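Okay, structure first, notes after.
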Amino acid sequence: MKEWRRLVSSFSYALQGIVQTVKTQRNMQIHVAFAVLALAAAWWLRIPRGDVLLVFFSIALVWALELVNTALEAAVDLSSPEWHAKAKTAKDACAGAVLVAAVLSVVIGVAVFGPPLWGKLTVWLAV
Ligand SMILES: Nc1ncnc2c1ncn2[C@@H]1O[C@H](COP(=O)(O)OP(=O)(O)OP(=O)(O)O)[C@@H](O)[C@H]1O
(Lines give C-alpha, C1' and ligand atoms only; values in the text may rest on other atoms or scores of the structure.)
Protein backbone atom coordinates (compact mmCIF):
# COMPACT_ATOMS: atom_id res chain seq x y z
CA MET A 1 0.00 0.00 0.00
CA LYS A 2 2.85 2.36 0.96
CA GLU A 3 4.64 1.53 -2.31
CA TRP A 4 1.48 2.27 -4.25
CA ARG A 5 1.08 5.65 -2.46
CA ARG A 6 4.73 6.52 -3.21
CA LEU A 7 4.19 5.69 -6.88
CA VAL A 8 1.08 7.91 -7.03
CA SER A 9 2.88 10.83 -5.37
CA SER A 10 5.90 10.61 -7.67
CA PHE A 11 3.52 10.62 -10.64
CA SER A 12 1.77 13.65 -9.13
CA TYR A 13 5.12 15.49 -8.65
CA ALA A 14 6.00 14.76 -12.28
CA LEU A 15 2.66 16.20 -13.40
CA GLN A 16 3.26 19.27 -11.21
CA GLY A 17 6.62 19.70 -12.95
CA ILE A 18 4.97 19.68 -16.36
CA VAL A 19 2.11 22.03 -15.33
CA GLN A 20 4.53 24.46 -13.61
CA THR A 21 6.82 24.51 -16.67
CA VAL A 22 3.89 25.21 -19.02
CA LYS A 23 2.68 28.00 -16.68
CA THR A 24 6.05 29.71 -16.31
CA GLN A 25 8.11 29.05 -19.46
CA ARG A 26 7.20 31.01 -22.60
CA ASN A 27 9.07 28.54 -24.84
CA MET A 28 7.10 25.62 -23.38
CA GLN A 29 3.85 27.51 -24.09
CA ILE A 30 4.99 27.91 -27.72
CA HIS A 31 5.79 24.16 -27.93
CA VAL A 32 2.34 23.31 -26.53
CA ALA A 33 0.63 25.66 -29.03
CA PHE A 34 2.53 24.06 -31.94
CA ALA A 35 1.67 20.57 -30.67
CA VAL A 36 -2.06 21.42 -30.55
CA LEU A 37 -1.82 22.89 -34.08
CA ALA A 38 0.07 19.84 -35.39
CA LEU A 39 -2.44 17.37 -33.89
CA ALA A 40 -5.39 19.39 -35.25
CA ALA A 41 -3.72 19.42 -38.69
CA ALA A 42 -3.08 15.66 -38.45
CA TRP A 43 -6.80 15.11 -37.78
CA TRP A 44 -7.91 17.55 -40.52
CA LEU A 45 -5.56 16.08 -43.14
CA ARG A 46 -6.30 12.46 -42.09
CA ILE A 47 -2.58 11.73 -41.70
CA PRO A 48 -1.78 7.96 -41.64
CA ARG A 49 -1.21 6.38 -38.23
CA GLY A 50 2.54 5.85 -38.75
CA ASP A 51 3.02 9.54 -39.52
CA VAL A 52 0.89 10.56 -36.53
CA LEU A 53 3.24 8.47 -34.37
CA LEU A 54 6.19 10.42 -35.82
CA VAL A 55 4.41 13.68 -34.92
CA PHE A 56 3.78 12.39 -31.36
CA PHE A 57 7.44 11.36 -31.13
CA SER A 58 8.70 14.82 -32.11
CA ILE A 59 6.24 16.56 -29.74
CA ALA A 60 7.34 14.32 -26.85
CA LEU A 61 11.03 14.84 -27.65
CA VAL A 62 10.74 18.65 -27.71
CA TRP A 63 8.60 18.76 -24.54
CA ALA A 64 10.93 16.39 -22.68
CA LEU A 65 14.02 18.38 -23.60
CA GLU A 66 12.32 21.69 -22.69
CA LEU A 67 11.48 20.19 -19.27
CA VAL A 68 15.11 19.10 -18.83
CA ASN A 69 16.24 22.57 -19.96
CA THR A 70 13.98 24.22 -17.37
CA ALA A 71 15.28 21.89 -14.66
CA LEU A 72 18.88 22.60 -15.59
CA GLU A 73 18.32 26.38 -15.69
CA ALA A 74 16.81 26.28 -12.21
CA ALA A 75 19.67 24.11 -10.87
CA VAL A 76 22.32 26.36 -12.44
CA ASP A 77 20.63 29.54 -11.12
CA LEU A 78 20.60 27.97 -7.67
CA SER A 79 24.21 26.77 -7.70
CA SER A 80 25.75 29.62 -9.68
CA PRO A 81 23.78 32.88 -9.41
CA GLU A 82 26.96 34.77 -10.43
CA TRP A 83 28.34 34.59 -13.98
CA HIS A 84 30.46 31.48 -14.51
CA ALA A 85 31.87 30.00 -17.74
CA LYS A 86 30.67 26.49 -16.77
CA ALA A 87 27.17 27.78 -15.98
CA LYS A 88 27.14 29.32 -19.46
CA THR A 89 28.32 26.03 -21.03
CA ALA A 90 25.59 24.07 -19.19
CA LYS A 91 22.77 26.46 -20.09
CA ASP A 92 23.85 26.96 -23.71
CA ALA A 93 24.34 23.21 -24.32
CA CYS A 94 20.92 22.41 -22.90
CA ALA A 95 19.29 25.16 -24.97
CA GLY A 96 21.15 23.69 -27.98
CA ALA A 97 19.60 20.27 -27.26
CA VAL A 98 16.12 21.82 -27.39
CA LEU A 99 17.03 23.57 -30.64
CA VAL A 100 18.21 20.29 -32.24
CA ALA A 101 14.89 18.63 -31.33
CA ALA A 102 12.90 21.63 -32.55
CA VAL A 103 14.70 21.59 -35.92
CA LEU A 104 14.07 17.82 -36.20
CA SER A 105 10.36 18.39 -35.49
CA VAL A 106 10.20 21.06 -38.21
CA VAL A 107 11.78 18.60 -40.67
CA ILE A 108 9.29 15.89 -39.62
CA GLY A 109 6.43 18.42 -39.85
CA VAL A 110 7.36 19.44 -43.39
CA ALA A 111 7.75 15.79 -44.49
CA VAL A 112 4.45 14.68 -42.88
CA PHE A 113 2.22 17.71 -43.54
CA GLY A 114 3.82 19.09 -46.72
CA PRO A 115 2.43 16.62 -49.33
CA PRO A 116 -1.20 16.47 -48.03
CA LEU A 117 -1.29 20.27 -47.54
CA TRP A 118 0.06 20.73 -51.06
CA GLY A 119 -2.63 18.32 -52.31
CA LYS A 120 -5.39 20.39 -50.64
CA LEU A 121 -3.91 23.63 -52.00
CA THR A 122 -3.79 22.37 -55.58
CA VAL A 123 -7.43 21.18 -55.32
CA TRP A 124 -8.53 24.61 -53.99
CA LEU A 125 -6.52 26.46 -56.67
CA ALA A 126 -8.02 24.26 -59.40
CA VAL A 127 -11.61 25.18 -58.37
N1 LIG B 1 25.16 32.13 -14.20
C2 LIG B 1 25.46 32.30 -15.49
N3 LIG B 1 26.74 32.29 -15.87
C4 LIG B 1 27.09 32.45 -17.17
N5 LIG B 1 26.20 32.65 -18.18
C6 LIG B 1 24.91 32.66 -17.87
C7 LIG B 1 24.45 32.50 -16.51
N8 LIG B 1 23.09 32.56 -16.52
C9 LIG B 1 22.73 32.74 -17.79
N10 LIG B 1 23.80 32.80 -18.62
C11 LIG B 1 23.81 32.99 -20.08
O12 LIG B 1 22.63 33.67 -20.46
C13 LIG B 1 21.83 32.85 -21.33
C14 LIG B 1 20.37 33.03 -20.99
O15 LIG B 1 20.15 32.54 -19.70
P16 LIG B 1 18.74 32.51 -18.99
O17 LIG B 1 18.88 31.92 -17.64
O18 LIG B 1 18.11 33.85 -19.09
O19 LIG B 1 17.98 31.46 -19.86
P20 LIG B 1 17.06 31.65 -21.11
O21 LIG B 1 17.70 30.83 -22.20
O22 LIG B 1 16.79 33.08 -21.36
O23 LIG B 1 15.80 30.87 -20.64
P24 LIG B 1 14.44 31.42 -20.04
O25 LIG B 1 13.99 32.53 -20.96
O26 LIG B 1 13.60 30.20 -20.10
O27 LIG B 1 14.77 31.86 -18.64
C28 LIG B 1 22.34 31.42 -21.10
O29 LIG B 1 22.12 30.58 -22.24
C30 LIG B 1 23.82 31.67 -20.84
O31 LIG B 1 24.52 31.85 -22.06
Side-chain angles (χ1 to χ4, degrees):
M1 191 64 188
K2 246 186 184 166
E3 277 305 306
W4 176 245
R5 198 170 284 174
R6 201 178 302 169
L7 195 70
V8 170
S9 27
S10 61
F11 186 71
S12 143
Y13 291 135
L15 278 181
Q16 283 174 38
I18 296 172
V19 169
Q20 185 65 11
T21 304
V22 173
K23 276 188 180 164
T24 59
Q25 302 296 312
R26 190 180 44 92
N27 286 351
M28 190 67 180
Q29 291 161 2
I30 294 171
H31 298 320
V32 170
F34 271 105
V36 170
L37 266 180
L39 293 176
W43 173 78
W44 179 56
L45 295 166
R46 298 181 203 287
I47 300 295
R49 191 186 301 185
D51 286 354
V52 173
L53 277 178
L54 260 183
V55 172
F56 269 117
F57 169 77
S58 54
I59 289 171
L61 186 66
V62 171
W63 285 20
L65 285 175
E66 189 60 51
L67 286 161
V68 171
N69 185 42
T70 302
L72 182 124
E73 274 181 13
V76 168
D77 288 343
L78 203 60
S79 65
S80 174
E82 306 301 325
W83 194 95
H84 195 290
K86 285 190 173 162
K88 180 170 168 52
T89 302
K91 282 193 173 187
D92 290 352
C94 219
V98 179
L99 183 63
V100 168
V103 170
L104 173 73
S105 69
V106 169
V107 172
I108 289 176
V110 170
V112 167
F113 296 115
L117 262 180
W118 182 248
K120 285 240 182 226
L121 260 180
T122 49
V123 168
W124 287 337
L125 291 176
V127 173

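Everything numeric in this text was worked out from a predicted model, so none of it was measured. Every number for a ligand or one of its atoms is a count from 1 in the order of the listing. Heavy-atom basis, side chains included; hydrogens, waters and symmetry copies ignored.
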List every atom of ligand 1 that sits less than 4.0 Å from any heavy atom of Ser80, numbering the atoms from 1 in the order shown and giving each element.
1 (N)
Answer yes or no: is there an ion pair linking Asp77 with Lys91, defined by an N-O contact shorter than 4.0 Å?
yes
For atom 18 (O) of ligand 1, what is the closest protein heavy atom, and at what distance to 0.1 Å?
Lys91 NZ, 4.9 Å
Looking only at heavy atoms, what is the nearest atom pair of Ile47 and Ala41, with distance?
CG1-O, 4.5 Å
Could you check whether any heavy atom of Arg26 sits closer than 4.0 Å to an atom of ligand 1, since that is the contact criterion I want to use?
no
Can you tell me the protein heavy atom closest to atom 20 (P) of ligand 1 and the distance?
Glu73 OE2, 3.6 Å
Provide, to 0.1 Å, the distance between atom 3 (N) of ligand 1 and the closest protein heavy atom, together with that atom's residue and name.
His84 N, 3.0 Å
Flag: protein heavy atom within less than 4.0 Å of atom 25 (O) of ligand 1:
no
In the protein, which heavy atom is nearest to atom 2 (C) of ligand 1, and how far is it?
Ala87 CB, 3.7 Å
Short list, please: which atoms of ligand 1 are under 4.0 Å from a heavy atom of Gln25?
26 (O)
Atom CZ of Phe34 with >12 non-hydrogen neighbours under 6.0 angstrom
no
Do the non-hydrogen side-chain atoms of Gln29 and Lys23 ever get within less than 4.5 Å of each other?
no
Apply the side-chain contact (heavy atoms from CB on, under 4.5 Å) test between Thr21 and each candidate in Asn27, Asn69, Thr70, Val32; give the one that qualifies.
Thr70
Shortest non-hydrogen pair, Leu65 vs Ala101, comes out as CD1-CB, 3.6 Å
Taking the side chain as C-beta and beyond, is there a heavy-atom pair between Leu104 and Val100 under 4.5 Å?
no
Does atom 11 (C) of ligand 1 have any protein heavy atom closer than 4.0 Å?
no
With heavy-atom distances below 4.0 Å as the criterion, list the atoms of ligand 1 near Asp92.
28 (C), 29 (O), 30 (C), 31 (O)
